[in-house]
2 protein chains.
Amino acid sequence: MIRIVIAEDQALVLGALAALLDLEDDLQVIGRASSGQEALDLVVALQPHVLVSDVEMPELSGIEVAARLQAQRSPVRVLIVTTFGRAGYLRRALDAGVRGYLLKDTPSAELAAAVRTVAAGGKAISPHLAEAVWDTPADPLTERERAILRLAEEGRSNRAIASALSLSVGTVRNYLSEAAQKLGASNRTEAGRIARSNGWL
Amino acid sequence: MIRIVIAEDQALVLGALAALLDLEDDLQVIGRASSGQEALDLVVALQPHVLVSDVEMPELSGIEVAARLQAQRSPVRVLIVTTFGRAGYLRRALDAGVRGYLLKDTPSAELAAAVRTVAAGGKAISPHLAEAVWDTPADPLTERERAILRLAEEGRSNRAIASALSLSVGTVRNYLSEAAQKLGASNRTEAGRIARSNGWL
DNA sequence: ACCGGCAAGTGACAGACGTCACCTGACGGC
DNA sequence: GCCGTCAGGTGACGTCTGTCACTTGCCGGT
């Protein structure tokens, strides 16, 4: 019997996924979390075989939860389930020791199979996504550029960004200009879109 | 026995929701659609009591499906289930004759209850959301402003927007300026964010 | 026939943005 | 000690944006 904790911030989807997994005779959902922190606590307390987690969650993202579990040498296997086929996310997830990564448009029958594979020590990556990682270049942005781009994306002016990060306005301009060049964008807005769609923000 | 068709473009969520509803003795999922068009065809063919539909779907949105059903005087009741608590969406949904509108962070136990309520001719709106509509002002944008804002949001320059819509650059500037004023934004990027977060784009 | 409202345009101006060349200081190799 | 590198800054320049006042043409109401 494979014991599972599910983490997902949308309660309806959480309940539905649990119902789906509970239909299987050899799977048992022993815990449900609606935030990253809660997921981490539950995993530590219940020691399930597998944690099935969304990426986008309040407090801690699914990837961060995986990273923490890896850091504390937890034997729990993590299977990420997400909407976003962003290559950057998958890269980070793999770095965090994640064993499975499924897109939410995978047929539902495959979820249980993926859970079993992961529980048995194998890996389960949506094939569609594995490809995407191949032909998506690595994140070209530096930490500074990312931070500035995130603020620019929200519509803040150079001046506002500068004072938020204690930089000079000129420096902010330079970083944004450089980021736009790297991304092949012709302005901050486009740069933001490109970076976000690749999972680099 | 209440007969249901489910429409949701994420296969995994579709399967999970179906599993959840099938657990109930008095509910029966008789059809599954992964696009708006498919949902419409299925509803016409199967004549379920209730259509449970996502908003964001390829081809036709859940709201558009509801509008078409209303136009052809279909007796099928529509229950929308969505991630986004955008007041604008709910308004449009109600105009399209939708009988229920649940957020995906509603506890999963309430989904079946909402289906029953809607099937019986009642209404089921997430209370949280009903409030939001109250204190969200109506969409202040004109069709032109919306179109221009959508393009600006993608990072296009005034010149690009002007030629895409066969307008003069000055006019585009004026529309954007006006839209920003209406929305209380200080630039196009912020205006785009505000409009989108209210479901006005 | 007239008025008001609305879509679209024009011209002008200030300020914000994007680009580039160049400067400074810290810091890790060798 | 010197050199390369990297984060950050400066100044200058041209272009793009945002704002405003004003104009034109169209359309519906009265």
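Proteins get letters first, then strands, A, B, ... in listed order; numbering begins at 1 in each.
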Do you see a donor-acceptor pair shorter than 3.5 Å between the side chains of Glu110(B) and Thr106(B)?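 No, because no side-chain N or O of Glu110(B) sits under 3.5 Å from a partner of the opposite role on Thr106(B).
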- Respond yes when some side-chain nitrogen or oxygen of Arg188(B) is under 4.0 Å from OP1 or OP2 of dG18(D), and no when none is.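 Arg188(B) to dG18(D) OP1/OP2: side-chain N or O found under 4.0 Å.
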- Query: OP1 or OP2 of dA7(C) less than 4.0 angstrom from a side-chain nitrogen or oxygen of Tyr175(B), does that happen here?
  - Reply: no
Mind calculating the distance between [atom1] ([X]) and [atom2] ([N]) to the nearest angstrom?
X: Glu190(B); N: dG18(D); atom1: CD; atom2: C1'; answer: 13 Å
X: Asn187(B); N: dC16(D); atom1: CG; atom2: C1'; answer: 13 Å
X: Glu153(A); N: dC17(C); atom1: CD; atom2: C1'; answer: 17 Å
X: Ile161(A); N: dA16(C); atom1: CD1; atom2: C1'; answer: 12 Å
X: Leu183(B); N: dG18(D); atom1: CG; atom2: C1'; answer: 15 Å
X: Leu151(B); N: dT17(D); atom1: CG; atom2: C1'; answer: 16 Å
X: Ile148(A); N: dG9(D); atom1: CD1; atom2: C1'; answer: 12 Å

For this session: Scan Ser157(B) against the nucleic acid and name what it touches under 4.0 Å (heavy atoms): base, sugar-phosphate only, or nothing.
Result: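 Here Ser157(B) touches the backbone only, sparing every base.
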Short question: side chain of [X], backbone of [Y] - any donor-acceptor pair under 3.5 Å?
X: Thr142(B); Y: Glu145(B); result: yes
X: Thr117(A); Y: Ala113(A); result: yes
X: Ser53(B); Y: Gly62(B); result: no

Within 6.0 Å of CZ in Arg68(B), more than 12 heavy atoms from elsewhere:
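Result for CZ/Arg68(B): open.
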The residue among Arg92(B), Arg146(B), Lys182(B) that forms side-chain hydrogen bond (donor to acceptor under 3.5 Å, both in side chains) with Asp139(B) is Arg146(B)
What pairs of nitrogen or oxygen atoms, one from the protein and one from nucleotides 19-22 of chain D, lie under 3.5 Å apart?
| unit_1 | atom_1 | unit_2 | atom_2 | d |
| --- | --- | --- | --- | --- |
| dT19(D) | OP2 | Ser177(B) | OG | 3.1 |
| dT19(D) | O4 | Arg173(B) | NE | 3.3 |
| dC20(D) | N4 | Asn174(B) | OD1 | 2.8 |

Taking dA16(C), dG9(D), dG18(D) as options, the one with an atom nearest any side-chain atom of Thr171(A) is dG9(D)
So if I take every side-chain heavy atom of Asn158(A) and compare against dG9(C), dC17(C), dG9(D), which nucleotide ends up nearest?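 Shortest atom-to-atom distance from the side chain points to dC17(C).
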- Task: Mark yes or no: Arg86(A) above the aromatic ring of Phe84(A), with NZ or CZ under 6.0 Å from the six-membered ring centre and no more than 45 degrees from the axis.
- Result: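 Yes.
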